Amino acid sequence: MPVELKDRSSSSSPSSPGPRVLYWFRTDLRLDDSPALTTALSLNPSALIPLWTWDPHYIYASTSGQGLGQRLGQRQRGCVNRWAFLVACMNDVSASLTKLNPKQKLHVVRAAPAAIMDALLRKWKIDVLVFEKDTDAYARTRDAHVTRIAEGLGVKVVAVAGRTLFDSDDVVRHNGGKPTLTMAQLVKAAGKIGDGKPMRPLDAPTILPDPLDWAEMNLDGLVLHEVNDAPSVSCDLKAAVDENENETEHETEHETEHENENESEKKTQTKTNVQAHPDMSTARSGMDSNAAQHLDIPPKSSPLKASPRSLSFPGMGLSDRQFSAGLMGPEGTFSIPTLEEMGVVGPQLHRDADTDTDATSTISSGTGSGNGGNTTSTTQSLYRQGGETAGLALLAAHVTDETYIATFEKPATAPTAFDRPATTLLSPHMHFGSVSVRRFWWAVQDVLERRRLAKQPVSPHPVNLPGQLLFRDMYFAAYAAVGASFGQAVGNPVARFVPWALLSKYPGIPATGSLRDDGEPEPESRYMVDDPQAEEYFQRWKYGCTGFPWIDALMRQLRQEGWIHHLGRHAVACFLTRGGCYVSWERGAEVFEEWLLDHEVACNAGNWMWLSCSAFFSQFHRVYSPVSFPKKWDRRGEFVRRYVPELAGFDDQFIYEPHKAPIADQKRWGCLVKSDGYGLEHYAASTSTTGYGTGNGAGARAMMDSNSSGGAGSDKSHPTPPGQRLYPKPMFDFSQRRQFCLDKMKQAYEVGLYGDDERVLSGEWRSLFGLEEQQGKEADGKSVSSDADLGFRGVKRQRSGVKSALLDGKQRRLETVGADMVHEQHGSSQTDQSPGDQDQDRH
DNA sequence: TGCGCAGTTGACCTA
DNA sequence: ATAGGTCAACTGCGC
C-alpha cells in the first residue's frame, strides 16, 4: 500500500483541516483496487478534486508515444472503438464518484497537463497532487515536468505504483538494472519484491470528500497569461523538459539519452506540432499554427474565434469540437467530451455484439463447452464494453466458469473464434485501468489454489492466465528499463538490427533533399520508403487486401473491431515482418497502436519485437503459414467468411487459397479472384465490410492517388459486375517470400547488430550487409547523398538515433502519399497485449 | 569455458 | 485424423 505519504499527511494536526488534494486520473479509470486513490483518501482531504486532463497529446497521439509517432511529433487519432471505450470508462468512473458523493464527478479539463497544471494548482490552492505512477517514456517525461511545476509551487506530489502486478522500477532494480528479457528474469526479480506475490487488491472507497465550492472550481476567471506563462504547451513539452532536466541531476543512462533526443527534436517539434494531430488529410489544410495553440489553451476571450479544427470524417460531416469550447467544455461543467464533440461518431462494435447475441452465437465457431447458457450470454454482452462496472462484471462472469479459468492455455485458444472470443477480452480494461490487474490476478489465483488443493487439473505456467499477466509485467519492466527507444528499431539496445524495408526515419537532422517543391522543409515525420514494393505490401497488409484470406480477415477484424486474438496478431505480425513482407515491425506496431482497443506501448512493441525475432524470440525458422495455420483452427474458414464476405460462397477447399479455384467455380460462388481485386484504394476507403467504420476512411483518398503504389490504381473504377464481387490474388508467392525473409534473417543474425550499435547509427551497417552498391542509385538531385544518409546519424550520443534518408523522386512521392495516410492512422502497436488476451478456450 | 537443456503458442512428414 | 519426430538453429541459463 501506498505509504510514504501517510507520514506527511498525518503531520497536520487532527484538528486542522486536511489538505486539498488533486487526484489526477490517467491510467487508472477505476475506484476498485487503486493504490493511488487509496493514498489520496488516506490524506483525509478537506477537498478532493478528481481530475482528467483531456490532453491533446493523448488524443492525437496515443499515450504510447514512445513509438515513432511521438518522437516525431506525430499525432494520430485512435479508432472510434477506442474512443468509445475510453469515454465509457470516464463516464463510469464519474458515475461511481457521484454515487459516493453527489457533489462529486470526474472533472475534465480540456487542456494538456503540462500547459494547465500550474494554473489549476494555483487556482484551486492544491496542497497535494496524487496520481498513479506511469513508467511509459512519454508519461515519465510529462510527469517529471508536472512534478517540477507542482513542487515549485510547494505542492506535494505523490505517485503511487498500481498499473502492473509489480512496480516496474522495482522489477528492474531487482534484475540488476537491466530490462527483463525473459520470463525467468521477470519471475526471479518479482520474487524478490515483498513476499514475491502481487499485492492483494484494495477495496474501493466508500466515502468521498467534496470538491471545492463551485465559485472556486470555476475556471472562468482563469487568467490566460498564467497559463501562457507556463513553461511550455503540450507539444513543446519534451523540449521544455529537456532544458530543465539538463540542469537537474539525472540518473539513468536511458533518461539521459532521451534528453539528447529531445534536444535534437526541439527544433522540429514546435512545427510538427502544429499540424500534427489531424490525421485527416481533409483537415490538414484548415490547420494553422494558431489552431494548434488553441488545442492546448483555448483562448478565453474568443472561444469561438478559435476556429475549431474541423476534422471531418467522410460521410459524417462532423467536426472535432472537443477543445473549441474552452477548458470546461461547452456547458462549462467540466464535462466528459462526447464522441460527437470528438467528431468520431459512428456505430460501435459493442452495440453490434449486444444486439446480435443470439444470431451470432448460432454460427459461432466456439462451442461453448464450459459455460452455462446464461453465463455465456452475459459474458458475451459484456465483451468490449468500456468502464469499470462492465469490466468487473466481465471478470466476475469469467471467474464463475472455474474450468475455463483454471485450464486456460493461451496457445490452445482459437484465433478464429469471433462472436464468442476464445480469450477473456479483459485487455482493454487493463489498458485503461478500468479493471485492476491485481484484482484479475487474484481472482484467477484463488481459483487455481482451490483446484490445486482439490487435485483438479490446472494449466501450467506460463501459458495459464497468471502467466499472461506476468508477460505484461515483463514487457512493462523491459520498457521501463529501456525507455523511449523500446518502441523503435534504431537506438533500441534490446532490438536486433534487421535491415527491414520501411525503417523509420528520425527527426532532428534534416535529411538531405528534404525540401518540398514549395521550398518548405519536409516535415521530419516520415518513415523511409526505401522500397515502393514493400510500401505496397504494407498498405495491402494494413487494409486487408493482400490476397491471403486469413491475413485479410484478421486485418479487417482489427480495423472494424479494435481487437483480434493473440494468435491472429502473431499471424499478421509474422506476415508483415519476417514471414512475408519484410517490412519493419515499427510499421505494424503503429497500425496496432492506432486500431487496437487494448494497445499498450510496452506490450505492443515487445510483442512486435518478439514476432519479428528482433528481441525476446529468435527462432526465425518458425514462420506462420497463412494457409496451414488457420486450417488447424478453422478448417471450414468460418472466420474468413465473416470478415471477407466476398469469399463467403467458396468451398472449404479453397477458402484459404481462393485463387486456386477454377474460374467457373469462382463465378458460381460470386467472386472473381483477380489481380488486385478492386484496387487498394477501394479497400482503404471502405469503412468496412460490415458497416461500422473506424473513421479512418479519410486518409484513403490522399493515400492512394494513382501512382502511390504500383498497380493499385489499375482496377480503380472497377465496376462491380452484378452479383459478382472481386478479391485480389495473392500479392506474392508466399514460399518464395518466406525463403527471402529467412535468408535475410539469417544474415541479420550473422551480422549481429543491435539497434544502439554505433555502426547502425553511423550507417556503417549498410556495408556490413553488402548494400553499398545501391547507394549510388538514388539520384534525384535533391535526394542523394552519401552513405551516411542511409545511416542513422545525428545522434548526439549513442542510442538517440536519427536517420536521414534520401529518396529519389519517385520514392519521395510515395513516401508523401503513403506516409500521410499511414501516420494518420497509425496508432499503436502492440502485437498482442499479452495481458489482455487472456483467452478462454471455449472449445 | 563448454555443454546440455529449455524456451507461451510452426511446418511438415511419417506412422 | 492425430500424435510424434524432424527440420535447422536461435538465445539464455545453469551446471
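Since the structure is predicted, the reported quantities are computational estimates derived from the model, not experimental observations.
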> Side chains of Tyr475(A) and Asn607(A): do they bring a donor and an acceptor to under 3.5 Å?
Replying inline: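 Side-chain D/A pair, Tyr475(A) to Asn607(A): present.
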> Can a donor-acceptor pair be found between the side chains of Thr27(A) and Asp134(A) at a distance below 3.5 Å?
Replying inline: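 The answer is no; no qualifying pair exists.
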For atom [atom1] of [X] and atom [atom2] of [N], their distance in whole Å:
{"X": "Phe575(A)", "N": "dG10(B)", "atom1": "CZ", "atom2": "P", "result": "18 Å"}
{"X": "Asp473(A)", "N": "dT8(B)", "atom1": "CG", "atom2": "P", "result": "16 Å"}
{"X": "Asn464(A)", "N": "dT8(B)", "atom1": "CG", "atom2": "C1'", "result": "10 Å"}
{"X": "Met474(A)", "N": "dG7(B)", "atom1": "CE", "atom2": "C1'", "result": "12 Å"}

Charged N to carboxylate O below 4.0 Å: is that the case for [X] and [Y]?
{"X": "Asp33(A)", "Y": "Arg439(A)", "value": "no"}
{"X": "Asp598(A)", "Y": "Arg569(A)", "value": "yes"}
{"X": "Lys660(A)", "Y": "Asp665(A)", "value": "no"}
{"X": "Lys729(A)", "Y": "Glu657(A)", "value": "no"}

> According to a 3.5 Å limit on both distances, what stems of 3 or more consecutive Watson-Crick or G-U pairs are formed with DNA chain B?
Replying inline: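 Paired runs of 3+ in DNA chain B: B:2-7 with C:10-15, B:10-15 with C:2-7.
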Taking only the [atom1] atom of each, what is the distance from [N] to [M] in whole angstrom?
{"N": "dA1(C)", "M": "dG10(B)", "atom1": "P", "result": "23 Å"}
{"N": "dC7(C)", "M": "dT8(B)", "atom1": "P", "result": "24 Å"}
{"N": "dT1(B)", "M": "dG14(C)", "atom1": "C1'", "result": "13 Å"}
{"N": "dA9(C)", "M": "dC5(B)", "atom1": "C1'", "result": "14 Å"}

> Which comes earlier along DNA chain C counting from the 5' end, the contact point of Tyr754(A) or that of His621(A), where each point is its nearest nucleotide?
Replying inline: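 Residue closer to the 5' terminus by nearest nucleotide: His621(A).
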>> Heavy atoms only, 4.0 Å cut-off, all strands: where does Arg635(A) land among base, sugar-phosphate and nothing?
In response: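 The residue Arg635(A) makes no contact with any strand.
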>> Taking side chain to side chain donor-acceptor pair (under 3.5 Å) as the criterion, tell me which of Glu561(A), Arg556(A), Glu638(A) meets it with Tyr643(A).
In response: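 So, applying the side chain to side chain donor-acceptor pair (under 3.5 Å) to Tyr643(A) and each of Glu561(A), Arg556(A), Glu638(A), only Glu561(A) qualifies.
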How are the rings of [X] and [Y] set relative to one another: parallel (under 30°), tilted (30 to 60°) or perpendicular (over 60°)?
{"X": "His431(A)", "Y": "His599(A)", "answer": "tilted"}
{"X": "His570(A)", "Y": "His566(A)", "answer": "tilted"}
{"X": "Phe616(A)", "Y": "Trp610(A)", "answer": "parallel"}

>> Nearest 0.5 Å, please: how far is CG in Asp733(A) from CZ in Arg737(A)?
In response: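 Reported to 0.5 Å precision, the distance equals 10.5 Å.
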Dump every N/O contact between nucleotides 11-15 of chain B and the protein below 3.5 Å, one line per pair.
unit_1  : atom_1 : unit_2    : atom_2 : d
dA11(B) : OP1    : Ser625(A) : N      : 2.4
dC12(B) : OP2    : Ser628(A) : OG     : 3.3

> What are the bounds, 5' to 3', of the part of DNA chain C that sits under 4.0 Å from heavy atoms of chain A?
Replying inline: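 The contacted stretch runs from dA9(C) to dG14(C).
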